[in-house]
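First comes the structure, then the notes that go with it.
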Number of protein chains: 2
Amino acid sequence: MLEPKKTPPISIGDIDLDVLEDTLSFYIRTVNLAVSRDLDERLEGLDVARGTGKITTLLMVDSHPGIRPSVIAQLILKDRSAMGRLVDQMENHGLLTRETSVDDNRAQELYITEKGAQLAVQVRALVTQQSKDFFAFIPEDEQRLLMDILRRAYRRIAGLP
Amino acid sequence: MLEPKKTPPISIGDIDLDVLEDTLSFYIRTVNLAVSRDLDERLEGLDVARGTGKITTLLMVDSHPGIRPSVIAQLILKDRSAMGRLVDQMENHGLLTRETSVDDNRAQELYITEKGAQLAVQVRALVTQQSKDFFAFIPEDEQRLLMDILRRAYRRIAGLP
DNA sequence: TATTGTTATACTCTATAACTATA
DNA sequence: TATAGTTATAGAGTATAACAATA
């Protein structure tokens with residue numbers, strides 16, 4: 001050693017990500033972490049912050065009156081138990097109401113409240129802007145590409161036509 | 001109504017995703033949910049299952065002996081507090097050891113154990129295969145495209161050169 | 001005064017299984 | 001017997017703030 005060590009043994013510039021460098025799921029997971037955090041910041045205080053599914057549930061109930069919990073569950077990739085707790089929570093917050101279906105007494109139909117409808121308007125704008133801002137550093141054409149691929153992936157995973 | 005209603009008010013085929021249809025962050029978040037769940041299944045029982053950061057920590061400590069917690073924290077987008085608990089956990093599982101740096105007594109250096117090194121070999125193979133399998137339905141050229149874009153996004157978010 | 005790491009806490013999500021009611 | 005939804009619970013991750021030691 002001719003010189004005293006002044007820097008950490010490994011600095012951030014020297015890092016090689018090992019196999020993760022070429023692992024798509026690694027990038028999906030880390031980018032998700034960052035974009036979800038950013039989204040939560042923007043939604044702070046708004047009843048739909050945190051976790052996945054609240055936003056989708058709100059918008060789906062707003063734009064598809066009478067939609068069933070099990071249908072939303074499929075869209076947000078959750079089971080009925082998780083969906084139930086989500087609906088409880090949103091009902092408690094006065095965002096939606098549930099009614100038993102007259103066609104099938106096992107099933108429920110969800111309807112938006114006035115408060116929920118107002119929040120939906122707000123959330124629609126917020127969510128759109130957040131995604132736009134967060135990914136602004138990616139050129140538009142690449143964003144479109146990314147979205148096209150991920151949309152197909154999502155639809156396949158969720159079992160949509 | 002000429003016919004009795006036999007189907008739910010809104011069935012999955014009739015769903016329109018509202019603004020989420022064109023929201024990149026929505027797709028990142030949902031695809032993340034699915035890919036993370038699938039990964040957890042494959043890692044079941046393995047000390048690195050659940051949450052983000054364990055896999056990266058294991059591989060980084062294995063391939064960069066003496067790496068510091070704060071450097072890994074930056075890579076996995078966590079704060080020092082979360083990182084500390086991660087290192088505690090992995091130390092308790094006998095996967096790595098920590099030593100105080102001789103250069104800076106505030107800092108630590110992490111080293112892999114034999115058990116950790118063996119797990120790293122296993123995890124490298126598993127993680128690579130999982131990502132490959134999960135995204136197999138996306139054509140290779142699109143996968144490459146996707147990865148190139150997300151890699152740049154990640155490096156920018158993590159502050160890598 | 002800034003940095004590295006620790007501790008404590010409160011909150012939330014996650015997964016699972018067992019349950020009721022209806023079809 | 002299968003389906004829609006409920007309930008209970010154990011385990012884990014997340015975010016925050018306050019803290020000690022060192023540079």
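Throughout, protein chains are lettered first and strands after them, A, B, ... in sequence-line order, and every chain is numbered starting at 1.
For A:Asp103 and D:dT3, the CG to P distance is 18 Å, given to the nearest whole Å. Regarding A:Arg98, its CZ atom lies at a distance of 9 Å from the P atom of D:dG5, rounded to whole Å. Nucleotide D:dA15 holds its P atom 12 Å from the CG atom of A:Asp38, rounded to whole Å. The CE-P distance, from B:Met90 to D:dG13, rounds to 12 Å in whole Å. In this entry the distance linking CG of A:Asp104 with P of D:dG5 reads 8 Å, nearest Å. In this structure, A:Arg68 atom CZ and C:dA23 atom P are separated by 11 Å, rounded to whole Å. The interatomic distance linking B:Gln108 (CD) with D:dA21 (P) rounds to 15 Å, in whole Å. When rounded to the nearest whole Å, the span between CG of B:Leu43 and P of D:dA12 equals 15 Å.
Note on A:Leu145: it does not cluster hydrophobically with A:Leu24, by side-chain heavy-atom contacts below 4.5 Å among ILVMFWY residues. Cluster membership check: A:Leu17 shares its hydrophobic cluster with A:Val19, using side-chain heavy-atom separations under 4.5 Å among Ile, Leu, Val, Met, Phe, Trp and Tyr.
Classified by interplanar angle (parallel below 30°, tilted 30° to 60°, perpendicular above 60°), the ring pair A:Phe137/A:Phe134 is perpendicular.
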Sort me out a list of protein N/O and nucleotides 10-15 of chain C N/O pairs below 3.5 Å, or just none if empty.
residue: C:dC13; atom: OP1; partner: A:Lys54; partner atom: NZ; Å: 2.5
residue: C:dT14; atom: OP2; partner: A:Lys78; partner atom: NZ; Å: 3.3

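For A:Pro69 and A:Glu44, each mapped to the nucleotide of DNA chain D holding its nearest heavy atom, the one lying further toward the 5' end belongs to A:Pro69.
The two residues B:Asp14 and A:His64 have their closest heavy-atom pair at O-NE2, 4.1 Å.
Between the side chains of A:Gln118 and A:Gln122, not a single donor N or O lies within less than 3.5 Å of an accepting N or O.
Checked by atom type and distance alone, the side chain of A:Tyr27 pairs as donor or acceptor with a backbone atom of A:Glu21 at under 3.5 Å.
A search for side-chain hydrogen bond (donor to acceptor under 3.5 Å, both in side chains) contacts involving B:Asp79 returns nothing, not counting sequence neighbours.
Residue B:Asn105 places at least one side-chain N or O under 4.0 Å from the OP1 or OP2 atom of D:dA23.
Looking at the side chain of B:Ser70, the nearest of the listed nucleotides C:dG5, D:dA23, D:dA4 is C:dG5. Side-chain proximity of B:Arg80 to C:dG5, D:dT22, D:dA2: nearest is C:dG5.
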